[in-house]
Amino acid sequence: MKILVSNGQVTEGRFEDREGSQAFWHTTAHILAQAVKRLYPDAKCAIGPAVEKGFYYDFEFSQPFTENDLPGVEAEMKKIAKEALPLMVYEVTKEEALSYMKGQGESYKQELISQMEEGERLTFYGQGEYKEFCAGPHVTNTGAVKALKLTGVAGAYWRGNEKNKMLTRIYGISFPKAQELEQYLTMLEEAKRRDHRKLGKELGLFTIMEEGPGFPFFLPKGMVLKNILIDYWRRVHQREGYLEISTPVMLNRYLWELSGHWDHYRENMYTTVIDGEDFALKPMNCPGGMLVYKAEPHSYKELPMRIGELGLVHRHERSGQMHGLMRVRCFTQDDAHIFMMREQIQEEIKGVARLIDEVYSRFGFPYHVELSTRPENSIGSDEDWKIATDGLRNALEDLELPYTVNEGDGAFYGPKIDFHLQDSIGRTWQCGTIQLDFQLPARFEAEYTGADGEKHRPIMIHRVIYGSIERFIGILTEHYAGRFPVWLAPVQVKVLSVSEKNSRYAQQVCENLRKADIRCELDIRSEKLGYKIREARLQRVPYLVIVGEKEEETKLISVRNRDGEEGKQDLGQMTVEMLTERISRECTASGEAS
């Protein structure tokens with residue numbers, strides 16, 4: 001695949017690589033805009049970027065545009081792709097660009113161009129009759145797009161500001177091969193079936209009320225699942241020498257000014273006034289962790305110091321951006337901050353990477369790793385950045401972890417390693433991250449006494465594994481399609497009575513299972529057994545225990561396994577102790593006892 005960059009050069013690329021797919025989808029966004037302008041000449045084009053999976057374009061239409069209009073636009077896009085129009089790139093002055101867009105009636109493009117510096121030369125990409133102010137890159141010919149699909153329509157404020165006009169955003173996806181589109185659409189259908197919002201309601205895990213948009217309520221079964229994840233997190237962190245802390249959910253303005261959040265993140269923070277002083281709910285745990293470190297003096301002998309926190313944070317998300325548990329306004333972040341000396345960087349990074357690998361393997365997630373380097377708006381010295389970046393790179397190479405380099409995408413205070421896990425239907429999610437920070441310890445004047453008796457500045461690692469426990473639960477729900485493994489299932493066994501006569505024995509069986517630390521639920525309603533079995537299967541409970549007169553006489557239980565092969569789910573009769581041992585073995589095999 002050939003890619004046309006803004007200086008007119010043509011480079012080779014692959015759709016499988018991020019740079020290639022982004023150029024491909026960016027070109028398809030231009031095909032969408034060209035098709036819209038052919039069909040709706042008075043429509044105004046705003047912006048049309050490639051995104052993580054596909055592309056979108058924002059338009060202002062003179063008449064309502066709905067899902068019913070998508071097929072016509074899609075057909076025109078396919079026509080443009082078959083026309084195999086070559087893309088051309090050329091430079092113009094700011095004045096020429098403004099004049100052209102004014103003649104086209106493109107007010108949004110004029111606004112963007114007017115904000116460019118005087119005298120700056122701008123790039124345009126053209127394909128056939130359509131020309132677009134754009135920095136690129138693009139593929140060299142519209143004919144590269146062999147398969148495309150428009151996937152939806154939504155409203156979007158111009159430049160994300162709710163005070164601006166509401167535009168129409170059209171989403172789409174495209175591929176170099178028709179088979180790839182078919183596979184993607186099949187995956188989308190499967191994703192709908194696994195949607196954690198639907199399953200969360202069906203399984204009684206969580207809900208979001210009108211009284212608290214973006215603030216999830218965890219129901220009893222969801223709380224069991226959340227606590228299992230927290231208990232597991234605590235076990236592995238205690239083993240690795242982490243000290244758990246808890247910092248206040250609200251702190252005063254001075255702290256957020258010192259950390260830089262007040263100036264750079266305040267629009268996403270919830271603030272209030274207490275006793276005439278500004279306070280804010282914490283959007284991150286890091287500044288509180290710094291205060292804990294500074295609460296007493298430290299020696300080099302204490303380092304590395306690993307401090308973990310399951311902290312509840314609040315961030316203001318716009319209403320249109322929220323999505324079940326994936327994007328919420330409050331969530332529990334499994335933060336840890338490691339304070340260390342420079343010579344300890346590499347070993348600590350390796351330790352965190354091993355821990356992340358262990359956790360993701362536990363849930364059956366393969367993953368890939370990205371190393372993100374220094375961005376343009378960074379702070380700190382060249383020497384600090386070199387030491388930090390080399391430390392991350394060397395740790396990955398020592399561990400023989402394959403990685404790609406994401407140039408310029410590090411945090412402003414330091415480089416980072418991101419872990420992108422892959423779920424059972426092929427989607428990727430960025431959860432774990434390891435970030436090196438020289439700047440926050442300097443802002444807070446954190447110190448330790450070195451072997452030379454002098455004061456030194458520690459280096460800080462920020463890292464998460466789950467990322468957000470709420471979001472991780474959403475990912476797990478979709479990954480397993482609600483069929484949680486036995487060790488993770490909120491209800492491991494459901495005991496069903498055949499009739500009311502067997503209720504007492506069913507209760508006794510359930511009590512014995514609970515005494516053996518098995519999470520058990522009881523159904524002794526006077527419903528038909530077939531109905532109760534179907535309902536339990538919809539709840540995706542790993543084991544069903546059925547007790548009737550025969551079982552009560554023999555003091556046995558009849559057991560069915562959710563995950564058995566077709567026709568082999570009936571395990572027959574056994575004792576309660578035999579079932580308990582079976583579940584215990586399954587949990588141990590999955591690593592619960594670790």
Side-chain angles (χ1 to χ4, degrees), residues 16-18 229 232-243 286 303-308 333-375 383-411 413-424 426-438 441 458-468 472 475-476 479 590-592 594:
E16 293 75 16
D17 298 331
R18 178 178 171 81
L229 292 175
Y232 172 60
W233 185 93
R234 285 199 167 110
R235 283 204 307 275
V236 296
H237 283 77
Q238 287 170 2
R239 185 196 70 204
E240 295 295 317
Y242 284 80
L243 306 171
C286 323
L303 304 183
M305 179 179 289
R306 306 180 188 107
I307 299 176
Q333 197 165 44
D334 66 314
D335 262 325
H337 299 101
I338 303 173
F339 299 90
M340 61 196 171
M341 298 180 284
R342 292 191 177 217
E343 57 267 30
Q344 295 172 325
I345 289 176
Q346 194 166 320
E347 284 304 310
E348 285 304 302
I349 296 296
K350 288 162 64 176
V352 174
R354 287 193 194 98
L355 185 56
I356 291 175
D357 176 78
E358 176 185 338
V359 172
Y360 289 176
S361 298
R362 173 72 183 285
F363 296 100
F365 288 123
Y367 62 87
H368 70 270
V369 177
E370 282 184 356
L371 171 62
S372 298
T373 59
R374 187 175 189 174
E383 180 188 4
D384 284 350
W385 274 90
K386 185 176 187 313
I387 291 171
T389 306
D390 287 347
L392 295 180
R393 182 181 287 111
N394 292 339
L396 290 173
E397 291 175 356
D398 279 0
L399 290 169
E400 298 182 350
L401 266 179
Y403 66 94
T404 57
V405 178
N406 194 359
E407 295 287 356
D409 200 44
Y413 51 77
K416 61 177 181 171
I417 298 171
D418 287 330
F419 292 77
H420 299 261
L421 57 82
Q422 181 178 316
D423 69 14
S424 58
R427 298 171 300 179
T428 57
W429 308 85
Q430 195 275 306
C431 291
T433 187
I434 306 172
Q435 301 175 0
L436 266 182
D437 187 359
F438 288 76
I459 313 299
M460 185 178 187
I461 289 177
H462 306 252
R463 49 113 292 199
V464 295
I465 300 178
Y466 294 147
S468 149
F472 200 75
I475 294 169
L476 287 174
H479 175 60
S590 69
E592 186 179 8
S594 64

_Distance in Å, T404 OG1 paired with D17 CG, rounded so as to fall on 0.5 Å steps_ = 9.0 Å
*Could you tell me whether the side chain of I465 reaches within less than 4.5 Å of the side chain of H237, counting heavy atoms only?*
yes
*Could you point out which residue of Y232, W429, F363, W233 forms a ring pair (Phe, Tyr, Trp, His ring centres under 6.0 Å) with F472?*
F363
*Please, which pairs that meet ring pair (Phe, Tyr, Trp, His ring centres under 6.0 Å) have at least one residue in residues 333-359, sequence neighbours excluded?*
Y293-F339, H337-H462
*asked:* List the residues meeting side-chain hydrogen bond (donor to acceptor under 3.5 Å, both in side chains) with S424, not counting sequence neighbours, and say none if there are none.
replied: R194
*Sequence-distant partners of W385, side-chain hydrogen bond (donor to acceptor under 3.5 Å, both in side chains), two or more places apart*: none
Under 3.5 Å, which donor-acceptor pairs link side chains of residues 346-355 to any protein atom two or more places apart or in another chain?
unit_1: Q346; atom_1: NE2; unit_2: D398; atom_2: OD2; d: 2.5
unit_1: E347; atom_1: OE2; unit_2: K350; atom_2: NZ; d: 3.0
unit_1: E348; atom_1: OE1; unit_2: R306; atom_2: NE; d: 2.9
unit_1: E348; atom_1: OE2; unit_2: R306; atom_2: NH2; d: 2.9

*Are L396 and I417 side-chain neighbours, meaning at least one heavy-atom pair lies under 4.5 Å?*
yes
*Sequence neighbours left out, what passes side-chain contact (heavy atoms from CB on, under 4.5 Å) with T433? Give chain and number order.*
K416, D418, Q430, Q435, V464
*asked:* Quick check on the 6.0 Å ring-centre criterion: do F365 and H479 meet it?
replied: yes
_Test side chain to side chain contact (heavy atoms under 4.5 Å, CB included) applied to Y360 and I356, step by step_ = CA-CA 6 Å; Y360 289 176; I356 291 175; 3.6 Å; yes
_Taking every non-hydrogen atom, the tightest pair across G467 and D334_ = N-OD1, 2.9 Å
*Would you name the heavy atoms of M460 and C286 that are closest together and state the gap between them?*
CE-O, 4.4 Å
*Is any side-chain heavy atom of I434 less than 4.5 Å from a side-chain heavy atom of F419?*
yes
*For R393, what residues pass the salt bridge (charged side-chain N to carboxylate O under 4.0 Å, His left out) criterion, not counting sequence neighbours?*
D390
*Search all heavy atoms of P304 against all heavy atoms of Q344 and return the closest pair with its distance.*
CD-NE2, 3.3 Å
*Under a 4.5 Å cut-off applied to non-hydrogen side-chain atoms, are L436 and L392 in contact?*
yes
*Only counting residues at least two apart or in another chain, list the ones meeting side-chain contact (heavy atoms from CB on, under 4.5 Å) with P366.*
Q422
*Apply side-chain contact (heavy atoms from CB on, under 4.5 Å) to R342 and list each qualifying residue two or more places apart in sequence or on a separate chain.*
E383, D384, I387, F438, I459
*So do the side chains of Y466 and I475 get within less than 4.5 Å of each other, counting heavy atoms only?*
no
_Going by the rule side-chain hydrogen bond (donor to acceptor under 3.5 Å, both in side chains), which residues pair with N406 if we only count those two or more places apart in sequence or in a different chain?_
E370, D409
_Under the ring-ring contact (aromatic ring centres under 6.0 Å, His included) test, residues paired with Y403 that sit two or more places apart_ = none
_If I compare all heavy atoms of S372 with all of G410, which pair ends up nearest, and what's the gap?_
CB-N, 3.6 Å
*Show your reasoning for whether side chain to side chain contact (heavy atoms under 4.5 Å, CB included) applies to L476 and L229.*
CA-CA 11 Å; L476 287 174; L229 292 175; 4.0 Å; yes
_Residues in side-chain hydrogen bond (donor to acceptor under 3.5 Å, both in side chains) contact with E407, at least two apart in sequence or another chain_ = T373
*Residues two or more places apart in sequence or in another chain: which of them pass side-chain contact (heavy atoms from CB on, under 4.5 Å) with D357?*
S361, Y367
